[in-house]
Amino acid sequence: MEKIFKLKENGTNVKTELLAGLTTFMTMAYILALNPNLLTNFGADGGSQLWNAVFLATCIASAIGMFCMAFLANKPFALAPGMGLNSFFAVVVANIVSLTGMTYLESFQAALGIILIEGLVFLVLSIFNIREQIVNAIPLGVRLGISPAIGLMLMNIGLGSNVGVYSSDGGPFYVMRDFFGSLTPSLAKSTMGDAYPTVVLTTVTMFVGLFAILILAHHKINGSVLLGMLIACVVYWVGEAVFLGTNPFASLATASFVPAFGDMAATTLFKFNFSGLLEIGWFTMITLVITFCIIDMFDTIGTLVGTASKANMLDEEGNMPQMREALTSDAVGTIAGALTGTSTVTTFVESASGVEAGGRTGLTALTTGVLFLASMFIAPVAAIIPAAATSSALIYVGILMLGGLKNIKFDEMDQLVPVALMIIAVPISGSIGHGIGIGLIAYTVMKVFTGKAKEVSVLTYVISAIFLIKFFLVV
């Protein structure tokens, strides 16, 4: 381990790295259930077979990405299907369904082709150091604003859209929009109908889980996020049994704990529906690929820079050593995700929890990757985790990432304006990439019209122009 990961050089040891890897896993384990839930609408789209496939793909592709991060970059960062990107992937699949009339599964397989193409493109760009140059072209102020902007997006997902409850008359009903947005509880009850008790239970579960995590974290208890989620799960399961009169564990009676490799082989493993993708037309397909690449490019860069910033791994100029190797690992993870059946794999902000626990090398990432592989045997358990519990984790992580605002120089307008626009644009648009684009455009305009045009790099001008074309060119 010393020879491979240079433990002494990085001021760590095997025990510390293993514990850090476990801490990272416990912090981000929510993605195991949340990712297949988001991509399949809790199994409603594509059925349980697709849910099982996406669950296994999440475990396998994440592990492959982390193994690359461990041995190529020797960094303690963990990878998994990125939040925001998985929601965007689901939107793309739904759009393909509406455009072509194909089934959700066929459209899902077509969208996997987009993930494969972008993964290959990013692998080439990473190997030839182009992605690192793009990272370096992003001004420091904009980079510092990425982390809090992502934090607000996670809070928006957790409070807003992660849990949708349906009634016998329709829906979905959401906690922030429909429960807290109602003028009175009686109005909420009349609007939601028989979904009201479930929404109340969801709201209570979400906040019990959140405050449990906060209290545990305050007392510096390792795995506070996962423990808080478990408390939230218990609250929800008891509520289901006592107040809703349903058995929360009914699905376990007939469940199999043997990994459903057959489901993955039948639905997503190397299942690229390129002919179906072509049905939307060459122009639409190319536009979609380019759009997805741009968003993914800056979502990936943003998440990686935000994670490194939270872990204090940036140098004085805001650059991360061995960025190319880390980006290459990210690209390999994305390709693995496409081959197995999930959306873009990217660096997770929760990696900062492992760094805080002492993780400093790739052994931390390796440990987390091994634990992800082991998780393939708990799919039925992951399937009964209520979305309200995962919302608690999303909100907590979002709160932590808001701490990055302390690094912003609020008295410098060319930092304040881009960051202010980013932190509102990212959660509202649901895209980290679009938020970065708006921030870059604002930064460039501020510099040009304040007589500081020479301080803007050529590549920053180019990237800003690309985003302007993307946003305003009607095609």
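Because the structure is a prediction, the values reported are computed rather than measured.
- Side-chain contact between C59 and L32 is present, with heavy atoms from C-beta onward closer than 4.5 Å.
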Ring pair (Phe, Tyr, Trp, His ring centres under 6.0 Å) for F173 and Y196? Distances and angles first, verdict last.
CA-CA 9 Å; F173 300 104; Y196 181 73; over 10 Å; no
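- For Q109 (side chain) and T267 (main-chain N/O), a donor-acceptor pair under 3.5 Å exists by modelled atom type.
- Listed by first then second residue, pairs satisfying ring pair (Phe, Tyr, Trp, His ring centres under 6.0 Å) with a partner in residues 247-271 read W237-F249, not counting sequence neighbours.
- Between the side chain of T364 and the backbone N or O of P76, no donor-acceptor pair lies under 3.5 Å.
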Next item on the list: Test D178 against V199 for side chain to side chain contact (heavy atoms under 4.5 Å, CB included), laying out the working first.
Entry: CA-CA 9 Å; D178 300 297; V199 174; over 6 Å; no
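- Contact detail for S429 and A425: the closest heavy-atom pair is OG-O, 2.7 Å.
- Counted by atom type alone, N95 and S98 present zero donor-acceptor pairs between their side chains at under 3.5 Å.
- Nearest heavy-atom pair across S107 and V97 is OG-CG2, 3.2 Å.
- Between E325 and L72, the closest heavy-atom pair is CG-O, 3.5 Å.
- Note that the CZ atom of F128 and the CZ atom of R324 stand 10.0 Å from one another [nearest 0.5 Å].
- Counting all heavy atoms, side chain and backbone alike, S343 lies closest to P81 at OG-CB, 4.0 Å.
- Looking only at distances, no side-chain donor or acceptor of T340 sits under 3.5 Å from a matching main-chain atom of A61.
- Between the side chains of D263 and W51, not a single donor N or O lies within less than 3.5 Å of an accepting N or O.
- Closest of all the heavy-atom pairs between L79 and D330 is CD2-CA, 3.7 Å.
- Judged purely by atom type and a 3.5 angstrom limit, N37 uses its side chain to pair as donor or acceptor with the backbone of A33.
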What's the verdict on ring pair (Phe, Tyr, Trp, His ring centres under 6.0 Å) for F25 and F372, showing C-alpha distance, side-chain angles and the deciding distance?
CA-CA 8 Å; F25 171 77; F372 261 75; 5.6 Å; yes
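- Checking side-chain atoms of N10 against main-chain N and O of K6 turns up a donor-acceptor pair under 3.5 Å.
- Atom CZ of F243 is separated from atom OG1 of T198 by 12.5 Å, given to the nearest 0.5 angstrom.
- Within the model, atoms CD1 of I399 and CG of L214 stand 5.5 Å from one another, a figure rounded to the nearest 0.5 Å.
- A donor-acceptor distance shorter than 3.5 angstrom exists from the side chain of S391 to the backbone of G158, with no hydrogens or angles considered.
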Using the side chain to side chain contact (heavy atoms under 4.5 Å, CB included) rule, take T342 and F55 through it: C-alpha gap first, then chi angles, then the decisive distance, then the call. CA-CA 8 Å; T342 187; F55 175 84; over 6 Å; no
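- In this structure, the side chains of I60 and M264 come closer than 4.5 Å at one or more pairs of heavy atoms.
- Residue L373 holds its CG atom at 8.0 Å from CE of M66, rounded to the nearest 0.5 Å.
- Residues that satisfy the side chain to side chain donor-acceptor pair (under 3.5 Å) test with T368, not counting sequence neighbours, are absent from this structure.
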As a quick check of understanding, evaluate side chain to side chain donor-acceptor pair (under 3.5 Å) for N35 and T58, giving each step before the final call. CA-CA 7 Å; N35 191 54; T58 302; 2.9 Å; yes
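- In this structure, L366 and F5 have side chains that are in contact, with non-hydrogen atoms separated by less than 4.5 Å.
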I'd like to know whether T16 forms a side chain to side chain contact (heavy atoms under 4.5 Å, CB included) with N13, so could you lay out the CA-CA distance, the side-chain angles of the two residues, the decisive distance to 0.1 Å, and finally the verdict.
CA-CA 5 Å; T16 300; N13 55 59; 2.9 Å; yes
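- In the model, T367 has no side-chain atom that pairs as donor or acceptor with a side-chain atom of E17 under 3.5 Å.
- Side-chain N/O atoms of N273 and S275 include a donor and acceptor closer than 3.5 Å.
- A heavy-atom distance below 4.5 Å is found between the side chains of V175 and F180.
- Side-chain contact check for V92 versus F108: every heavy-atom pair is 4.5 Å or farther apart.
- Side chain of S375 to main chain of L371: a donor-acceptor pair is present (N/O by atom type, distance under 3.5 Å, no hydrogens or angles).
- Pairing each heavy atom of M102 with each of I96, the nearest pair is CE-CG2, 3.6 Å.
- Taking CD1 of I127 as the start and OG1 of T328 as the end, the distance is 6.0 Å to the nearest 0.5 Å.
- Taking the side chain as every heavy atom from C-beta outward, K75 and P321 approach each other to under 4.5 Å.
- Here CE of M153 is found 11.5 Å from CE of M422. Values are rounded to the nearest 0.5 Å.
- The shortest side-chain heavy-atom distance between L112 and L116 does not fall under the 4.5 Å cut-off.
- Side-chain N or O atoms of T205 include one that pairs as donor or acceptor with a backbone N or O of L201 at under 3.5 Å.
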Item to complete: Determine, step by step, whether V124 and L120 satisfy the side chain to side chain contact (heavy atoms under 4.5 Å, CB included) criterion, reporting the C-alpha distance in whole Å, the side-chain angles of both residues, the deciding distance to 0.1 Å, and the verdict.
Response: CA-CA 6 Å; V124 172; L120 293 171; 5.9 Å; no
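- Annotation: side chain of M1 is not in contact with side chain of T361 (no heavy-atom distance under 4.5 Å).
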